[in-house]
Amino acid sequence: MCGRYTLTKSQKELQQFFGVDFPMGFSPRYNIGPMQTLPVLSLDDSGNKLMVSLMRWGLIPHWAEGVVGAGHINARSETVAEKPAFKDAFRHRRLLIPANGFFEWRQEGKEKEAYYINFPKNELFAFAGLWDVHQTPQGKRQETFTILTAQANPNLQDLHHRMPVIVEPDAYNAWLSGDADHASIFRAPLSAQLTFHRVGPAVNRVGFDAPECIAFYEKPQLSLGF
DNA sequence: CCAGACGTTGTT
DNA sequence: GTCTGG
DNA sequence: CCAGACGTTGTT
DNA sequence: GTCTGG
């Protein structure tokens with residue numbers, strides 16, 4: 001369901017929307033995949049200001065040792081409070097993940113069709129996420145994150161029955177500080193406004209990061225050559 | 001999520 | 001088919 | 001007690 | 001680290 005997303009905005013646009021400095025800079029991204037390092041938002045020590053950091057997509061629990069692979073790119077919001085891998089992070093290490101769209105693939109017979117989902121005016125938004133930190137086999141401290149999922153909104157059901165959780169701007173602080181419970185995460189009327197369109201196979205290519213990934217796409221018609 | 005690999009031996 | 005890497 | 005697992009998706 | 005299965 002949510003294994004690729006986009007952040008096709010400039011550093012300036014991100015800073016204006018979230019009201020926080022991105023000191024590491026940022027260039028638009030059209031095809032973000034697992035294992036990549038991306039900007040995420042959390043609360044600073046004071047607990048009332050957003051801050052940006054860079055983390056790797058694919059949560060690896062702090063107790064994992066040795067070679068641990070890609071980690072968990074998604075976590076079910078319905079069970080996140082009980083699962084050993086997420087329990088602790090759900091209570092103490094919540095995140096917002098800046099994005100402006102995401103991809104879904106639909107099996108159509110033998111083919112897989114890619115779709116891009118975003119808001120009509122392409123507004124920025126934030127996924128609900130969790131993070132954790134572990135030691136790499138090289139002994140380095142590595143911070144990783146996961147994106148929460150939920151049942152898809154009716155407007156997206158034709159595409160998929162699951163979707164990433166989008167946090168309303170009003171709820172940013174409540175979510176991050178741990179005040180928000182399940183109900184308030186799910187109450188996301190914004191998600192009802194998401195729309196989607198077919199995109200071409202460019203997005204399939206891991207590492208191909210260009211506007212072509214989100215371009216409208218018409219399936220090429222078969223031609224008999226006349 | 002998709003793409004790409006999918007193994008063994010001996011040696012340190 | 002199933003796992004790993006991106 | 002120790003050992004072993006700890007996740008999601010979609011598909012059949 | 002913490003839970004489940006044996």
Side-chain angles (χ1 to χ4, degrees), chain A residues 1-8 29-38 54-95 97 99-118 127-138 141-153 156-166 182 185 194 196-210 212-215 217:
Chain A
M1 41 71 35
C2 194
R4 301 284 180 91
Y5 68 96
T6 67
L7 190 49
T8 70
R29 296 290 311 275
Y30 297 86
N31 189 3
I32 293 167
M35 311 253 323
Q36 297 178 357
T37 298
L38 297 146
L54 294 173
M55 295 188 188
R56 204 198 69 158
W57 185 12
L59 184 147
I60 296 167
H62 56 95
W63 39 259
E65 284 176 31
V67 180
V68 285
H72 308 298
I73 66 172
N74 295 130
R76 290 178 62 90
S77 54
E78 295 92 333
T79 55
V80 81
E82 294 93 39
K83 293 284 185 182
F86 303 128
K87 192 176 184 171
D88 207 37
F90 180 70
R91 282 192 303 166
H92 303 297
R93 292 185 298 278
R94 297 180 176 187
L95 280 182
I97 299 132
N100 75 311
F102 56 98
F103 297 95
E104 304 280 18
W105 279 260
R106 186 168 71 171
Q107 191 80 42
E108 199 62 34
K110 247 173 70 178
E111 309 283 299
K112 263 199 167 175
E113 300 177 338
Y115 291 82
Y116 182 58
I117 300 100
N118 69 346
F127 294 128
L130 306 174
W131 67 279
D132 209 335
V133 57
H134 75 285
Q135 295 280 324
T136 67
Q138 292 75 36
R141 177 189 159 89
Q142 183 172 53
E143 291 171 334
T144 58
F145 72 92
T146 191
I147 296 173
L148 268 62
T149 66
Q151 183 173 25
N153 258 69
L156 299 182
Q157 288 261 339
D158 284 347
L159 213 49
H160 264 275
H161 64 96
R162 304 288 300 171
M163 63 176 270
V165 173
I166 293 173
H182 268 205
I185 309 164
L194 288 166
F196 60 85
H197 65 260
R198 177 91 188 269
V199 296
V203 66
N204 291 3
R205 262 179 63 199
V206 173
F208 183 80
D209 191 346
E212 190 185 338
C213 293
I214 63 171
Y217 178 82

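The structure presented is a predicted model; accordingly, all values stated were derived computationally and were not measured. First the proteins, then the strands, lettered A, B, ... as listed; each starts at 1. Note that these values count all heavy atoms, side chains included, but never hydrogens, waters or copies made by symmetry.
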Starting at the 5' end of DNA chain B, write a dot or bracket for each base, bracketing those in Watson-Crick or G-U wobble pairs whose two distances are under 3.5 Å and using | for partners on another strand. ||||||......

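- The side-chain contact (heavy atoms from CB on, under 4.5 Å) check on R76(A) picks up E78(A), T79(A), T149(A), R162(A), with sequence neighbours excluded.
- Atom P of dA3(D) sits at a distance of 30 Å from the matching atom of dT9(B), rounded to the whole Å.
- Note that R93(A) lies outside the cation-pi zone of F90(A), set by a 6.0 Å cut-off to the ring centre and a 45° limit from the axis.
- When heavy atoms are screened at a 4.0 angstrom cut-off, F86(A) is found touching the sugar-phosphate backbone but no base atom.
- Comparing the P positions of dG10(D) and dC1(B) gives an interatomic distance of 6 Å, to the nearest angstrom.
- Put simply, the side chain of N31(A) gets close to the backbone of F208(A): a donor and an acceptor are under 3.5 Å apart.
- In this structure, OG1 on T37(A) lies 10.5 Å from CE on M55(A), to the nearest 0.5 angstrom.
- A75(A) comes within 4.0 angstrom of sugar-phosphate atoms only, judged by non-hydrogen atoms across all strands, and of no base.
- A salt bridge is absent between E104(A) and R106(A); no separation between the charged side-chain nitrogens and carboxylate oxygens falls under 4.0 Å.
- Residues passing the side-chain contact (heavy atoms from CB on, under 4.5 Å) test with P84(A): none are found, sequence neighbours excluded.
- The span of DNA chain D lying next to chain A, judged by atoms under 4.0 Å from heavy atoms, is bounded 5' to 3' by dC6(D) to dT11(D).
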Strictly under 4.0 angstrom, non-hydrogen atoms only: write out the protein contact profile of nucleotides 1-6 of chain C, one letter per nucleotide from the 5' end, B, S or -. ----BB

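- To the nearest whole angstrom, the two P atoms, one in dG7(B) and one in dG5(C), are 13 Å apart.
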Test log, rule side chain to side chain contact (heavy atoms under 4.5 Å, CB included), inputs I147(A) and Y5(A): CA-CA 11 Å; I147(A) 296 173; Y5(A) 68 96; 4.1 Å; yes

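- Residue contacts for T146(A): at a heavy-atom cut-off of 4.0 Å it reaches no nucleic acid atom on any strand shown.
- The structure places CD1 of I117(A) at 9.0 Å from NE2 of H197(A), a figure rounded to the nearest 0.5 Å.
- Only the P atoms considered, dC6(D) is 14 Å distant from dT4(C), to the nearest whole Å.
- Taking the P atom of each, dG1(C) and dT8(D) are spaced 24 Å apart, rounded to whole Å.
- Residues satisfying the ring-ring contact (aromatic ring centres under 6.0 Å, His included) test with F196(A), not counting sequence neighbours, are Y115(A).
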Given side chain to side chain contact (heavy atoms under 4.5 Å, CB included), test R29(A) with Q36(A) step by step and report yes or no. CA-CA 11 Å; R29(A) 296 290 311 275; Q36(A) 297 178 357; 2.8 Å; yes

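- Atom CD of E143(A) is separated from atom NE2 of H62(A) by 13.5 Å, given to the nearest 0.5 angstrom.
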